[in-house]
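Working notes for the structure below.
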There are 2 protein chains.
Amino acid sequence: MRSSTARRRATIIDVASAAGVSRQTVSNVLNFPDRVRPRTRDRVLAEVDRLGYRPSTAARGLRNQRAGAVGLELNLPTCGSDIGPLVLGALTVRAPAHDVHLVPFGDAEVFPTVAAYRDMTRRHLVDAFLFADTHSGDPRPDWLLENEIPFAAFGRLYSHPELTCWADVDGHRGLELAVEHLVASGYGTVGYLGWPLHLEDPAVAEDRHRGWVDAATSLGVAGPSGVTDQQLGPAVEAADALLDELGPGDAVACASDLIALAVLYAAARRGLAVGRDLGVVGFDGSLVARRHGLTTVVQPYEDLADHLLRTVHDQLLDGTVPVAGALLDPTLAPSSSTDRESELTSYTPVPAPTRR
Amino acid sequence: MRSSTARRRATIIDVASAAGVSRQTVSNVLNFPDRVRPRTRDRVLAEVDRLGYRPSTAARGLRNQRAGAVGLELNLPTCGSDIGPLVLGALTVRAPAHDVHLVPFGDAEVFPTVAAYRDMTRRHLVDAFLFADTHSGDPRPDWLLENEIPFAAFGRLYSHPELTCWADVDGHRGLELAVEHLVASGYGTVGYLGWPLHLEDPAVAEDRHRGWVDAATSLGVAGPSGVTDQQLGPAVEAADALLDELGPGDAVACASDLIALAVLYAAARRGLAVGRDLGVVGFDGSLVARRHGLTTVVQPYEDLADHLLRTVHDQLLDGTVPVAGALLDPTLAPSSSTDRESELTSYTPVPAPTRR
DNA sequence: CTGAAAGCGCTTACAG
DNA sequence: CTGAAAGCGCTTACAG
């Protein structure tokens, strides 16, 4: 009997007849509980529970002309980045709370096109889209706007400064946290290693840089700064150059965990013990940071996921868009809380900061 | 006019009347092209194209009692691993070729339960499931089997040795490739750093170890071996111990890219230049390897995705399961092909192998 | 507060 | 080879 139950899932009709009501009443219990007398409601709910009834996504989608799904573009930059999996994981975990499920999609191409968006839309597979790695000349916002399809972006929409349907981590606040932590830990001068402003994400580079400038200046610890791109080799060279200008007991706040890793390498090269001779804080809360026991500014992945999902949900509901793009607060994770103690101290080249 | 077209998507009725046929004929053109006269078919197809018609996923799902979707569990091990994003990316890219879309799901918990599987199933959201990180005592295969729901696993199903619905990389072949490459590159003795057999994935550890044993023995280059878990700190210590037993011009084949990174660190610690004094090959083709310019055995992610998707598709179609679990062939990516030259040589502590 | 009816967009036997 | 009909499982006006 168990297997026959499993084979054919209960429908709304099964629940209705089991509870002795019409199926419209069951639908009301689920969608407009207030319309139904409490006693009836409880009886229906009990049967829903007993039969394990859940409305069919397909039937509901067909009737409501809404898929209850959000397309999530996964392209090379997303999959190849350190934070991609964290964003995806948070979106996946948070989606049910917003009554939607995610549908990832993407070709193997680097540069996103609208072809896949068009196809998903035509098949009514999703109601809205989420994407990241926006850039100038990005064809996606234009196409979505033109077709009146809700969307939200992780990261600023450079191609459309007037749009507000985006969310990002507050990089300025993040670097303030980093500098404050380094000062509180007893380091002296705090330098900065970030990105050049002409990179594809200038506002992010700018925010983080200014966060360091503001905090370091107001605390009177501002030191030298440098820029590098997001590749390890050049970053190590840039870190090396920066270390030339710092002394023992100084520190470096970094625009990313990868850059912080480069600082670790540059420090190892000259025999500096990170956490004792040199303070380092990364940015992202990525696997790289955890693995190397790095102190890092953690992006608020769940908040970001909630904001993005809420943004598309509101657009769907009544066309509402946020009044402004959202810059969400990060948190600082000292090395000890990002990983096991054993990993922090057990090998020489890239020890974690242990100074209090 | 453009926007009104965009607003209401074309249905099968629009295509039918535009082509001057009944909607059943349109359905036949799409689902059983052979049943329709070529001239009629072409006319219908032209209208499909002109109107941008695609069958509604919801309507089709409702009618066919099939969601056309595969649930993909994303749990902590998946999101936190180096290869998780690569597997996910490959599945996402390959899904359309198998006429399905993916629906990622998962709680924030480490240990998977069947609750989410049950919910997805009841809502008819997916027809089948894909998951990874199988382990002994895993409740998922039992539940899926009991409920006759198709599934396939990335990685062996340790809890059910009799099941064949899984695929994995051929670790034995991978380590043969690694050893052959090191020998061809002119290194002498080839050591091995892998995992202990009591880890959660003993067959994987065993396969890779034996691949090294077999290749190194038959080529007469077998050296010392060691084991470590997948944490960087202990891995560096294990690598260090292994290097004690190797001399200049020797090499280490590794069970993972992370372990290879640990070898890089241990080598840097004692001033060995990897690629000149010491050969190193990693395993996975992960971001870690690319970033550090490591030579690595690349997992066949697209083949794995195709195999898994085909496996659930066949189960859905006629209950067919593979005759055996699949061990798919990896490929070897020398450092020069995994990243830009600049990253390979520009910093000292962890240079890439450059020896021919 | 509850019930009978229509319809979302498809596909699949079933006649012709 | 093509057409009229039924029905997948829901929800939402609409009457009662």
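Lettering follows sequence order; numbering is per chain, from 1.
- OP1 or OP2 of D:dA4 has not a single side-chain nitrogen or oxygen of B:S22 nearer than 4.0 Å.
- Spacing between atom CZ of A:R35 and atom P of C:dC1 amounts to 11 Å, rounded to whole angstrom units.
- For A:Y117, the ring-ring contact (aromatic ring centres under 6.0 Å, His included) partners two or more places apart in sequence, or in a different chain, are A:F105, A:F129.
- A straight line from CG of A:N28 to P of D:dA13 spans 12 Å, rounded to a whole angstrom.
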Which atom pairs link the protein and nucleotides 5-9 of chain D when you take only N or O atoms and keep those under 3.5 Å?
{"from": "D:dA5", "atom 1": "N6", "to": "B:Q24", "atom 2": "NE2", "distance (Å)": "3.1"}
{"from": "D:dC8", "atom 1": "O3'", "to": "B:Q65", "atom 2": "OE1", "distance (Å)": "3.3"}
{"from": "D:dC8", "atom 1": "O3'", "to": "B:Q65", "atom 2": "NE2", "distance (Å)": "3.2"}
{"from": "D:dC8", "atom 1": "O2", "to": "B:R63", "atom 2": "N", "distance (Å)": "3.3"}
{"from": "D:dG9", "atom 1": "OP1", "to": "B:Q65", "atom 2": "NE2", "distance (Å)": "3.0"}
{"from": "D:dG9", "atom 1": "N2", "to": "A:A59", "atom 2": "O", "distance (Å)": "3.2"}

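- B:A132 approaches B:R140 most closely through the heavy-atom pair O-NH2, 3.1 Å.
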Worksheet item: Taking it one step at a time, do B:H313 and B:D99 satisfy side chain to side chain donor-acceptor pair (under 3.5 Å)?
Response: CA-CA 9 Å; B:H313 179 268; B:D99 277 317; over 6 Å; no
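- The two residues A:A67 and A:H101 have their closest heavy-atom pair at O-CE1, 4.0 Å.
- Between B:V312 and B:P150, the closest heavy-atom pair is O-CB, 4.3 Å.
- Across the protein-nucleic acid pair, B:F32 atom CZ and D:dT2 atom P stand 15 Å apart, rounded to whole Å.
- Going from atom CZ of B:R41 over to atom C1' of D:dC1 covers 12 Å, rounded to whole Å.
- When only modelled atom types and interatomic distance are considered, B:D306 and B:H98 share a side-chain donor-acceptor pair under 3.5 Å.
- The partner of D:dT2 is C:dA15, judged by Watson-Crick or G-U wobble contacts that both fall below 3.5 Å.
- In this structure, the CG atom of A:N31 is 11 Å from the P atom of D:dC10, given to the nearest Å.
- Close to D:dG3, at under 4.0 Å from its OP1 or OP2, lies a side-chain N or O of B:T25.
- Backbone-only contact: B:D34 has heavy atoms under 4.0 Å from sugar-phosphate atoms and none from a base.
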